[in-house]
K.L.:
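Before anything else, here's the structure in question.
A note on names: the letters A, B, ... follow the listed sequences, proteins ahead of strands, and every chain is numbered from 1.
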Protein chains: 2
Amino acid sequence: MSHGDSRKKILSAATRLFQLQGYYGTGLNQIIKESGAPKGSLYYHFPEGKEQLAIEAVNQMNEYVRLKITESLEKCSDPAEGIQSFLKELSCQFTCPENIEGLPVGLLAAETSLKSEFLRHACDQAYETWENAFAEKLQQSGFCENKAKEISTVINSMIEGGIILSITRKDSKPLLHIANLIPKLLKT
Amino acid sequence: MSHGDSRKKILSAATRLFQLQGYYGTGLNQIIKESGAPKGSLYYHFPEGKEQLAIEAVNQMNEYVRLKITESLEKCSDPAEGIQSFLKELSCQFTCPENIEGLPVGLLAAETSLKSEFLRHACDQAYETWENAFAEKLQQSGFCENKAKEISTVINSMIEGGIILSITRKDSKPLLHIANLIPKLLKT
DNA sequence: GTCTATAAAGTGATAGAC
DNA sequence: GTCTATCACTTTATAGAC
């Protein structure tokens with residue numbers, strides 16, 4: 001209700017809905033309605049409209065997920081355990097299907113990377129951020145830079161794909177099976 | 001131009017566009033235009049409209065990809081080599097970004113699994129089909145049923161995620177990195 | 001089987017008052 | 001900062017002629 005809340009509320013609702021329904025599946029009306037913010041304020045806070053909103057949403061997911069990854073990795077000295085911890089936390093979100101939050105950007109990325117270069121770039125940067133977070137940890141445990149980056153790309157792919165399968169199946173098992181196989185992937 | 005072509009042409013254009021742009025990002029007008037089929041024929045051939053069209057498109061991808069997978073697997077006695085062969089063929093599609101075809105259903109699955117139970121089910125079945133194709137090969141090479149299914153789920157996830165990363169990065173490397181790590185995943 | 005015309009609703013976006 | 005009203009456009013879908 002206070003003064004500076006509207007922008008935050010709109011961005012937060014947009015972030016959630018874009019993740020769940022995609023860019024074209026989410027209308028501005030729905031965002032306004034779910035945010036509870038006043039209708040007139042959308043184009044005041046986001047003068048460039050829907051695209052700007054989506055880019056800022058992706059940037060927010062970028063930072064949010066980066067934080068979750070580093071939190072999990074810092075808890076464990078063994079990188080495999082750290083990644084498994086992240087995956088297990090992620091998989092918990094699929095028990096209560098409405099409270100999903102902090103899901104990576106795969107849907108937006110796939111939808112819009114052929115249509116908006118700005119959005120594609122924002123998604124690309126998010127993937128790079130997360131890849132670097134994983135790769136840094138792997139290098140610390142003895143992998144060379146190239147190998148660390150290669151493995152991190154694969155881990156990113158597994159996570160994005162695992163999320164899609166878990167959503168489609170309404171079942172967190174795909175993400176948990178991925179977690180199980182992580183140690184094998186990091187064997188030297 | 002001949003009599004029975006319209007239905008096929010519409011379905012084929014729809015399949016391609018849904019994969020690239022998603023369900024909500026693709027309009028019926030665009031499908032008609034790209035198919036070259038007469039405008040009046042869409043609701044004659046697909047009386048239940050867009051949803052029916054999407055479900056049939058998913059079923060078509062299901063069968064098309066299943067064929068590609070089994071072709072690759074049958075070429076090689078070693079399952080790891082077979083999967084790598086499939087991934088390499090898949091990655092070739094990212095060199096000419098417009099000629100993409102036979103891409104799995106991740107985008108449609110993620111977009112619509114919360115909104116249409118019928119579509120969700122069609123995507124779910126596609127994943128199951130492909131998982132079974134991989135799992136059968138793994139069982140033949142000595143894995144027990146449970147382990148074979150678990151690994152196949154992970155492979156499915158990697159492929160879906162790898163496609164999304166490759167699209168976003170405009171680069172086939174993610175899929176190729178996945179191919180490189182497949183043997184490690186199948187070590188016993 | 002295919003056509004045109006059109007309905008009915010929704011979309012993103014803008015203008016101008018308050 | 002927020003409001004209402006409205007624009008121009010697109011969307012899915014239907015009706016009825018041919």
K.L.:
Please state whether the rings of A:Phe134 and A:Phe86 are parallel, tilted or perpendicular, taking 30° and 60° as the class boundaries.
P.N.:
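Aromatic pair A:Phe134/A:Phe86 classed perpendicular.
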K.L.:
Starting from C1' on C:dG12, measure out to CD on A:Gln30 and report it in whole angstrom.
P.N.:
15 Å
K.L.:
Expressed as a whole number of angstroms, how long is the span from B:His45:NE2 to C:dG1:P?
P.N.:
6 Å
K.L.:
The side chain of B:Lys39 is closest to which nucleotide in this list: D:dT2, C:dG1, C:dC3?
P.N.:
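Nearest to the side-chain atoms of B:Lys39, counting from C-beta on, is C:dC3.
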K.L.:
On a heavy-atom basis, which atom in A:Asn59 and which in A:Ala122 lie closest, and how many Å separate them?
P.N.:
OD1-CB, 4.1 Å
K.L.:
Please identify each residue that fulfils salt bridge (charged side-chain N to carboxylate O under 4.0 Å, His left out) with B:Lys170, with sequence neighbours left out.
P.N.:
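By the salt bridge (charged side-chain N to carboxylate O under 4.0 Å, His left out) rule, B:Lys170 matches A:Glu117.
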K.L.:
Separation of B:Gln52 atom CD from D:dA13 atom C1', in whole Å?
P.N.:
14 Å
K.L.:
What is the distance, rounded to the nearest whole Å, between atom CG of B:Asp5 and atom P of C:dG1?
P.N.:
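About 11 Å, once rounded to whole Å.
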K.L.:
Select one nucleotide: of D:dT14, C:dA13, C:dT2, the one nearest the side-chain heavy atoms of B:Pro38.
P.N.:
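My answer, after comparing the listed nucleotides, is C:dT2.
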K.L.:
Can you measure B:Ile32 atom CD1 to D:dT10 atom C1' for me and round it to whole angstrom units?
P.N.:
16 Å
K.L.:
Picking from D:dT2, C:dT11, D:dT14, which would you name as closest to the side chain of A:Asn29?
P.N.:
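Comparing D:dT2, C:dT11, D:dT14 against the side chain of A:Asn29, the answer is C:dT11.
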K.L.:
Write down the distance between CG (A:Leu42) and C1' (D:dT4), rounded to a whole number of angstrom.
P.N.:
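Atom CG in A:Leu42 sits about 15 Å away from atom C1' in D:dT4.
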K.L.:
Assess, by modelled atom type and distance only, whether the side chains of A:Glu56 and A:Gln60 contain a donor and an acceptor separated by less than 3.5 Å.
P.N.:
no
K.L.:
So, is A:Tyr44 close to the D:dT2 phosphate, meaning a side-chain N or O under 4.0 Å from OP1 or OP2?
P.N.:
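No.
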K.L.:
Would you say D:dT2 has OP1 or OP2 under 4.0 Å from some side-chain N or O of A:Ser6?
P.N.:
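For D:dT2, OP1/OP2 do have a side-chain N/O of A:Ser6 under 4.0 Å.
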K.L.:
Between N or O atoms, less than 3.5 Å apart, protein on one side and nucleotides 6-9 of chain C on the other: list the pairs.
P.N.:
none

K.L.:
Starting at OH of B:Tyr24 and ending at C1' of C:dG12, how long is that distance when rounded to a whole Å?
P.N.:
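Computing the B:Tyr24:OH to C:dG12:C1' distance gives 18 Å.
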K.L.:
Name the closest nucleotide to the B:Lys50 side chain, picking from D:dA13, C:dT2, D:dC3.
P.N.:
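The answer is D:dA13.
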K.L.:
A cation-pi test, strictly: NZ or CZ of B:Lys115 under 6.0 Å from the centre of the six-membered ring of B:Tyr24 and no more than 45 degrees from its axis. Yes or no?
P.N.:
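Because its charged atom sits under 6.0 Å from the ring centre and within 45° of the axis, B:Lys115 does stack over B:Tyr24.
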K.L.:
From C:dT2, C:dA13, D:dT2, pick the nucleotide closest to the side chain of A:Leu28?
P.N.:
C:dA13
K.L.:
Please tabulate, for the side chains in residues 141-148 of chain B, all donor-acceptor contacts under 3.5 angstrom to protein atoms that are two or more places apart in sequence or on a different chain.
P.N.:
unit_1, atom_1, unit_2, atom_2, d
B:Ser141, OG, B:Leu138, O, 3.1

K.L.:
Report the distance from atom NZ of A:Lys115 to atom P of C:dG12, rounded to the nearest whole Å.
P.N.:
13 Å
K.L.:
What do you reckon, is NZ of A:Lys149 surrounded by more than 12 foreign heavy atoms closer than 6.0 Å?
P.N.:
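No, NZ of A:Lys149 has 12 or fewer neighbouring heavy atoms, counting only those of other groups under 6.0 Å.
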